[in-house]
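No hydrogens, no waters, no symmetry mates; every other heavy atom, side chains included, goes into these values. Here is how names work: the chains are called A, B, and so on, in the same order as the sequence lines, proteins then strands, and each is numbered from 1.
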Amino acid sequence: MHLFQTQHIKLYNTLSGQKEAFKPINEGHVGMYVCGPTVYSNVHLGNVRTFMSFDMVFRYLKHLGYKVRFVRNITDAGHLENDADAGEDRIAKKARLEEIEPMEVVQRYTVDFHNILNKFNFLPPSIEPTATGHIIEQIEIIKTILDKGLAYEVNGSVYFDVLKYNETKQYGILSKRNVEDLIHNTRELDGQSDKKNPQDFALWKKAEPQHIMRWPSPWSDGFPGWHLECTAMSTKYLGDHFDIHGGGMDLKFPHHECEIAQGEACNDASPVNYWMHANMLIMNGKKMAKSTGNFILPNEIFSGDNPHITKAYAPSVARFFMLQAHYRSILDFTNNGLLASEKGFYRLMDAINIMDELKSSESSSITILDWKQSCYDAMNDDFNSPILIANLFEGVKFINQIKEGNASLTHDDLEIFKATMNAFVFDILGLVNVTKVETSTDKLSGAVELLIQIRQQARANKDFALSDKIRDELAEVGIQLQDGKEGTTFSTN
RNA sequence: GGCAUCAUGGCCGAGUGGCUAGGCAGAGGUCUGCAAAACCUUCUACAGCGGUUCGAAUCCGCUUGAUGCCUCCA
């Protein structure tokens, strides 16, 4: 018996524009592909948000008992800064500026990407393929599309024929555009002479002599088009037809539209059942993007070294902040928002830290199974993590009420409650209990317990000067004393 | 200019055709030597203008504004 047999997910499918019941192609199995980063510079927080959304999806699917194959690629092939026929690719440009090999650029920022994701407590994907490792597969796909007559070769480059494709299929089905509108609204760009139409996109580009990243192909020494790698890697590992494809909202058009076209061209069938798009993280009302300079790096959040924030924040605080918004909503990154999340996060952690001390009762004053189901309902409804978190704060209330003797749970109910809290907070939301790690050092606990005893003695003697000194100076080094009915406890934030 | 999405209280951020979101902040109370924490109570809302409806913040239209895409971008 798996949880997915009783917990039914509805998810918003960009393709249909509405929430749909999720039904995997093979029962109990889920194939999910997410477009990964182009590793030409440090991953910024906006990038992280998208990947975090799908990390949460991955975690929840696994929690429900699905066998998930999660593929997230690394784009390590250079792509041109614009879609014109000429231009430098980003990785090559970075390599030139830093006087290193393109593959050194790729290596450096791949390592950075992994480091950052580890700090945010991401689960690794099942497969993390690279574009340059799949050149042969991409060439094979181009051959197929050429054979179908939906692409053409010009001067060693191969382009997808969007108008031809649109005669029998629908280009724009995902982003709700039609080709006529696209034609009317295309900006004039220099150097597009090789294309029959501006809407056509490159499958293969002939490399200029100075272009370092290049591979042989039947058409020229060159490199694959950007959209092709995802088609190659997704279908290789998940099949021609798979369950979920995710990515940032900004990839919807043209990237994902082109992926659909390529998949349809090869197999006469739509490659993906459910398209999921994570919304943008903006900062102070503007898009976070490397190209505009309006962005913050994760390491700057951990160190506090950025003019947009007033202090350092733990990775889990940033994670909690982002999960407090729904993945399909735009989220504005602000210092005030982060401060509010930080307080809430530590309140949640403080409650969890005393969960094991709760005593069970003869009867339950809370219908814990209803509460548990409401947690699942939240996640089942298009992965609504903000609602889930609201329910978890309901759980915080339960913990404190039980501790104060204002609520009760039977032994069995208490076990269910604790297991549910832990599952959602740590397994599904992927938060890390930073306070627990710090306070679990026995030496520190022993020292603080001693100070608490001395303070108790001082209070008994009405030596409040001493007792307050102990309390205040401990607070200054980040240890809070809490006087409860059953004695004094402490926590560290 | 075109397409799409969105517009909620002091701030962040859910949701819904009639019934409490939640967090942070604020107010009052309980507790405390005083605090803090915790608990109880509590205030402020659905951009504007029309329409549909017994009833709309929730559906429709218009207006205004925001964000994204339309050239690489999570």
- Does NZ belonging to A:Lys10 count more than 12 external heavy atoms closer than 6.0 Å?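 No, because the 6.0 Å sphere around NZ of A:Lys10 holds 12 heavy atoms or fewer from other groups.
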Identify whether any heavy atom of [X] sits under 4.0 Å from a base atom; if not, whether one sits that close to sugar-phosphate; answer base, sugar-phosphate or nothing.
X: A:Asp332; result: sugar-phosphate
X: A:His44; result: base
X: A:Met249; result: nothing
X: A:Ala325; result: sugar-phosphate
X: A:Gly46; result: base
X: A:Lys403; result: nothing
X: A:Leu281; result: base

- Task: Measure from the side chain of A:Phe253, starting at C-beta and using heavy atoms only, and say which of B:A74, B:C69, B:C39 lies closest.
- Result: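 Side chain of A:Phe253 sits closest to B:C69.
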Rounded to whole Å, please give me the gap between [atom1] in [X] and [atom2] in [N].
X: A:Leu323; N: B:C12; atom1: CG; atom2: P; answer: 19 Å
X: A:His326; N: B:C12; atom1: NE2; atom2: P; answer: 19 Å
X: A:Asn279; N: B:A4; atom1: CG; atom2: C1'; answer: 11 Å
X: A:Leu251; N: B:U71; atom1: CG; atom2: P; answer: 15 Å
X: A:His277; N: B:A74; atom1: NE2; atom2: C1'; answer: 10 Å

To the nearest 0.5 Å, what is the distance between [atom1] ([X]) and [atom2] ([Y])?
X: A:Leu358; Y: A:Lys403; atom1: CG; atom2: NZ; answer: 9.0 Å
X: A:Arg72; Y: A:Thr50; atom1: CZ; atom2: OG1; answer: 11.0 Å
X: A:Ser175; Y: A:His277; atom1: OG; atom2: NE2; answer: 9.0 Å

- Item | Beyond-backbone contact of A:Leu348 with A:Phe320, side-chain heavy atoms, under 4.5 angstrom |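 Touching, per the 4.5 Å side-chain cut-off.
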Can you check the distance between [N] and [M], where both ends of the measurement are the [atom1] atom (answer in whole Å)?
N: B:G55; M: B:G28; atom1: C1'; result: 35 Å
N: B:U58; M: B:U52; atom1: P; result: 14 Å
N: B:A25; M: B:A47; atom1: P; result: 27 Å
N: B:U20; M: B:G9; atom1: C1'; result: 14 Å
N: B:G51; M: B:C39; atom1: C1'; result: 48 Å
N: B:A56; M: B:U64; atom1: P; result: 26 Å
N: B:U53; M: B:A66; atom1: C1'; result: 31 Å
N: B:G10; M: B:U42; atom1: C1'; result: 16 Å

For [N] and [X] - does any side-chain N or O of the residue sit under 4.0 Å from the phosphate oxygens OP1/OP2?
X: A:Gln401; N: B:C40; value: yes
X: A:Ser329; N: B:C6; value: no
X: A:Lys343; N: B:A25; value: yes
X: A:Asn400; N: B:C39; value: yes

- More 5' along RNA chain B: A:Cys35 or A:Phe393, using each one's nearest nucleotide?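 The residue mapped nearer the 5' terminus is A:Phe393.
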- Message: I want to confirm an ordering. Mapping A:Phe320 and A:Ile330 to their closest nucleotides on RNA chain B, which one lands closer to the 5' end?
- Response: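 Residue closer to the 5' terminus by nearest nucleotide: A:Phe320.
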- Message: Any residue in residues 379-391 of chain A with a heavy atom nearer than 4.0 angstrom to RNA chain B? Just list them by number, or reply none.
- Response: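 The answer is A:Asn384, A:Pro386, A:Ile387, A:Ala390.
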List the atom pairs, with distances to 0.1 Å, where a side-chain N or O of residues 117-124 of chain A and a protein N or O form a donor-acceptor pair under 3.5 Å, not counting sequence neighbours.
unit_1   : atom_1 : unit_2   : atom_2 : d
A:Asn118 : ND2    : A:His114 : O      : 3.3
A:Asn121 : ND2    : A:Gly430 : O      : 2.9

- Task: Any salt bridge (charged side-chain N to carboxylate O under 4.0 Å, His left out) involving residues 325-337 of chain A? Give me the pairs, sequence neighbours left out, ordered by first then second residue.
- Result: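 Residue pairs passing salt bridge (charged side-chain N to carboxylate O under 4.0 Å, His left out), neighbours aside: A:Arg328-A:Asp382.
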- Query: Are A:Trp371 and A:Phe417 close enough, and set up right, to give a ring pair (Phe, Tyr, Trp, His ring centres under 6.0 Å), and what steps lead you there?
  - Reply: CA-CA 9 Å; A:Trp371 169 82; A:Phe417 174 65; 5.1 Å; yes
- Reading nucleotides 26-37 of chain B from the 5' end, what letters show protein touch, with B for base, S for backbone sugar-phosphate only, - for no heavy atom under 4.0 Å? ------SBBBB-
- Query: Of all residues at least two apart in sequence or in a different chain, which pass the salt bridge (charged side-chain N to carboxylate O under 4.0 Å, His left out) check with A:Glu473?
  - Reply: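 Here the qualifying residues are A:Lys469.
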- Tell me whether the guanidinium CZ or amine NZ of A:Arg347 lies under 6.0 angstrom from the six-membered ring centre of A:Phe393 and within 45° of its axis.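 Relative to the ring axis of A:Phe393, which defines the angle, A:Arg347 lies outside at least one limit.
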- Message: Can you confirm if the NZ or CZ of A:Lys311 lies within 45° of the ring axis of A:Tyr313 and under 6.0 Å from the centre of its six-membered ring?
- Response: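 Yes, cation above the ring, under 6.0 Å and within 45°.
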- Query: Between A:Thr75 and A:Glu229, do the side chains contain an N or O donor and an N or O acceptor separated by less than 3.5 Å?
  - Reply: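 Yes - a donor-acceptor pair under 3.5 Å links their side chains.
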- Message: Between B:C69 and A:Arg177, counting only base atoms on the nucleotide and side-chain atoms on the residue, is there a donor-acceptor pair under 3.5 Å?
- Response: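 Per atom types, the contact qualifies.
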- Message: What stems show up for RNA chain B when you take Watson-Crick pairs (N1-N3 plus N6-O4 or O6-N4) and G-U wobbles (N1-O2, O6-N3), both under 3.5 Å, and require three or more consecutive pairs?
- Response: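 Looking at RNA chain B, the stems formed by three or more consecutive pairs are B:1-7 with B:64-70, B:10-12 with B:22-24, B:26-30 with B:38-42, B:47-51 with B:59-63.
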- Message: Treating A:Gln138 as the side-chain partner and A:Ala131 as the backbone partner, does any N or O pair qualify as donor plus acceptor under 3.5 Å?
- Response: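 Yes, the answer is positive, given that a donor and an acceptor are paired below the 3.5 Å cut-off.
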- Check: A:Ala325 main-chain N/O paired with A:Ser329 side-chain donor or acceptor under 3.5 Å: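 Answer holds: no.
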